[in-house]
*Asks:* 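Below you will find the structure I want to go over with you.
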2 protein chains.
Amino acid sequence: MNKNKVISPFKPASHQHQKCLKSAIDAAKKHCELSGLRLTPIRQRVLELVWQNHEPVKAYDILDNLKKGKSSSAPPTVYRALDFLQDEGLVHKIESLNAYVGCNNPKELHNSQFFICDDCGAVAELDDVDIRELLQKKAHRFGFRIADEMVEIKGQCKECHESGV
Amino acid sequence: MNKNKVISPFKPASHQHQKCLKSAIDAAKKHCELSGLRLTPIRQRVLELVWQNHEPVKAYDILDNLKKGKSSSAPPTVYRALDFLQDEGLVHKIESLNAYVGCNNPKELHNSQFFICDDCGAVAELDDVDIRELLQKKAHRFGFRIADEMVEIKGQCKECHESGV
DNA sequence: AATGTAATGTTATAATATAACATTTATGGA
DNA sequence: TCCATAAATGTTATATTATAACATTACATT
């Protein structure tokens, strides 16, 4: 059995994003219920905004959107919600972009590998055992104990280089 | 023949850092000469400051140090020098820390994998073919063309967990 | 209701990075 | 040598990303 997971593939140009969004929110609700945590209106709204599409979203863009609905939002409003969501594995930060993507696999905290299309901005997320094991093996050679892994691969997704010039 | 390289290992507590620094600067000089590029005083000074030690250095710390020597330095002074040095592979940015480390292997541009000790801050840099090939293989499966790879692994280096509490 | 904790509101500011334009310095050709 | 050009640096301002600190409100339990 292959335990490698494609947590989130590149999405075809048109997919039912409403369903996609709904299932992410439902998963988050369930996760929080099971963990005895509160997915407050602000947190849920931020999560929805992160899930606007399959591209990394900027904190201040989330803030702008929050302000449209409700007046009293400031940077801490967003960053606190993002911190909560990150702690619960509902959102990941893409360090090389200072931006955030939703994750629909909150059950277990995991290390992810991100593939980011420079053209369309879409992100695919893997949780790949082979990669983890190889990094582990390499680290082991010089006695390094891994606590956290960041793997962010930039390039061109299939759609983009097939349709590209 | 194993083409995997340890570009920069974790340094033992005491090593001859002056030599280390000098050889990095010499390599940079040579590289620029061969490429017909100018390692101007500012660029060299910034490179020296990046090489202060084997920890990632912050842009504004470099700026503070620059100011000590010479009055007229502003953020662009540092960022321009860092851009130049990054383009030449003399410096890498650690995205997850917003900080910069020196690289003594400018000859060929390469992808690097960084192992960063959370305790002592030291960074080791690999240019590991196995990792590159595995990422390549994984990407290939869904038609992704890799342009750039960021691999930043956080944890505890051998020294630190052996001497640790 | 009283209490303690978690969440949010609010203001200010820190930290990181770039834009835009002026000036100076190097470089190669007339 | 001198000029024209490009490259590098100076300078001011501002954009972007993120956190500190403290006040207030909402929630959960007794």
Side-chain angles (χ1 to χ4, degrees), chain A residues 28-29 31-33 35-50 55-88 90-101 121 150 152, chain B residues 28-29 31-33 35-50 55-88 90-101 121 150 152:
Chain A
K29 281 180 182 164
H31 169 79
C32 288
E33 246 169 62
S35 311
L37 297 167
R38 294 170 57 204
L39 189 65
T40 62
I42 289 177
R43 289 167 176 174
Q44 179 171 336
R45 186 72 190 116
V46 169
L47 184 58
E48 286 165 5
L49 290 169
V50 167
E55 300 170 28
V57 177
K58 299 256 159 188
Y60 276 72
D61 289 343
I62 295 172
L63 180 56
D64 289 344
N65 278 303
L66 271 188
K67 281 179 177 164
K68 284 179 193 164
K70 225 195 121 213
S71 60
S72 70
S73 296
T77 313
V78 171
Y79 283 104
R80 283 168 184 156
L82 286 173
D83 283 349
F84 171 85
L85 296 168
Q86 283 177 271
D87 285 348
E88 296 311 314
L90 295 165
V91 156
H92 298 294
K93 179 176 183 183
I94 307 292
E95 296 287 352
S96 58
L97 298 174
N98 295 319
Y100 303 83
V101 287
M150 194 209 81
E152 299 176 7
Chain B
K29 282 181 181 162
H31 169 80
C32 288
E33 247 169 59
S35 311
L37 296 167
R38 296 169 55 205
L39 190 66
T40 61
I42 289 177
R43 289 167 176 174
Q44 179 171 336
R45 186 74 190 114
V46 168
L47 184 58
E48 286 165 5
L49 290 169
V50 167
E55 299 171 28
V57 178
K58 299 254 158 192
Y60 275 74
D61 290 343
I62 295 172
L63 180 55
D64 288 344
N65 278 303
L66 271 189
K67 281 178 177 164
K68 282 178 194 165
K70 224 196 121 214
S71 60
S72 70
S73 296
T77 314
V78 171
Y79 283 105
R80 283 167 183 156
L82 287 174
D83 284 348
F84 171 85
L85 296 168
Q86 283 176 271
D87 285 348
E88 297 311 315
L90 295 164
V91 156
H92 297 293
K93 179 175 184 184
I94 307 292
E95 296 286 351
S96 59
L97 297 176
N98 296 318
Y100 304 82
V101 287
M150 260 147 303
E152 299 175 8

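Residue numbers start from 1 in every chain, and the chains themselves are labelled A, B, ... in the order their sequence lines are given, proteins ahead of strands. Nothing here was measured: the structure is a model prediction, and the numbers come from that model.
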*Asks:* Give the minimum heavy-atom separation between A:P56 and A:G121, together with the two atoms involved.
*Replies:* CD-O, 3.3 Å
*Asks:* Could you state the CG-C1' distance from B:D64 to C:dA14, rounded to the nearest angstrom?
*Replies:* 13 Å
*Asks:* Can you check nucleotides 22-28 of chain C for protein contacts, nitrogen or oxygen pairs under 3.5 Å, and list what you find?
*Replies:*
none

*Asks:* Would A:L82 and A:I62 count as a side-chain contact (heavy atoms from CB on, under 4.5 Å) here? Give the steps.
*Replies:* CA-CA 10 Å; A:L82 286 173; A:I62 295 172; 4.2 Å; yes
*Asks:* Tell me the interatomic distance from A:L37, atom CG, to D:dA28, atom P, rounded to whole angstroms.
*Replies:*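 Rounded to the whole Å, the gap is 13 Å.
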*Asks:* Give the rounded distance in Å between these two atoms: CZ of A:F84 and C1' of C:dT8.
*Replies:* 14 Å
*Asks:* Just how far, in rounded Å, is C1' of C:dA15 from CD1 of B:I94?
*Replies:* 18 Å
*Asks:* Could you tell me which residues satisfy side-chain hydrogen bond (donor to acceptor under 3.5 Å, both in side chains) with B:S73, sequence neighbours excluded, listed by chain and number?
*Replies:*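 For B:S73 there are no side-chain hydrogen bond (donor to acceptor under 3.5 Å, both in side chains) partners, ignoring immediate neighbours.
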*Asks:* Please confirm whether the backbone N or O of B:S96 pairs with a side-chain atom of B:E152, one donor and one acceptor, at under 3.5 Å?
*Replies:*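 Checked: pair present.
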*Asks:* Nearest whole angstrom, please: distance from the P of C:dA17 to the CD1 of B:I62.
*Replies:* 10 Å
*Asks:* Of B:R43 and B:S72, whose nearest nucleotide on DNA chain D comes first from the 5' end?
*Replies:* B:R43
*Asks:* Find the distance B:D61:CG to C:dA17:P and express it as a whole number of Å.
*Replies:*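 Value for this atom pair: 12 Å.
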*Asks:* Look for any protein N or O under 3.5 Å of an N or O in nucleotides 12-17 of chain D and output each such pair with its distance, or none.
*Replies:*
| residue | atom | partner | partner atom | Å |
| --- | --- | --- | --- | --- |
| D:dT17 | OP1 | A:K58 | NZ | 2.5 |

*Asks:* Could you tell me the separation between the CG atom of A:L63 and the OH atom of A:Y79, rounded to the nearest 0.5 Å?
*Replies:*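 A:L63 CG to A:Y79 OH: 8.5 Å, rounded to 0.5 Å.
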*Asks:* Run the numbers on A:D87 and A:F84 for side-chain contact (heavy atoms from CB on, under 4.5 Å), then give the verdict.
*Replies:* CA-CA 5 Å; A:D87 285 348; A:F84 171 85; 5.7 Å; no
*Asks:* Identify the two heavy atoms, one from A:E55 and one from A:V101, that lie closest to each other, and give their separation to 0.1 Å.
*Replies:* C-CG1, 4.1 Å
*Asks:* Mind calculating the distance between CG (B:D83) and C1' (D:dT9) to the nearest angstrom?
*Replies:*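 These atoms are roughly 14 Å apart.
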*Asks:* Can you check whether B:R38's main-chain N or O pairs, donor with acceptor, with B:R43's side chain at less than 3.5 Å?
*Replies:*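 Yes: the side chain of B:R43 pairs with the backbone of B:R38.
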*Asks:* With side-chain contact (heavy atoms from CB on, under 4.5 Å) as the test, would you mind laying out the steps for B:L66 and B:L49 before giving the verdict?
*Replies:* CA-CA 8 Å; B:L66 271 189; B:L49 290 169; 4.1 Å; yes
*Asks:* For A:L39 and C:dT8, give me the distance from atom CG to atom P, rounded to whole Å.
*Replies:*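 Rounded to the whole Å, the gap is 10 Å.
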*Asks:* Look at A:S73 and C:dG9 and indicate whether a side-chain polar atom (N or O) is within less than 4.0 Å of OP1 or OP2.
*Replies:* no
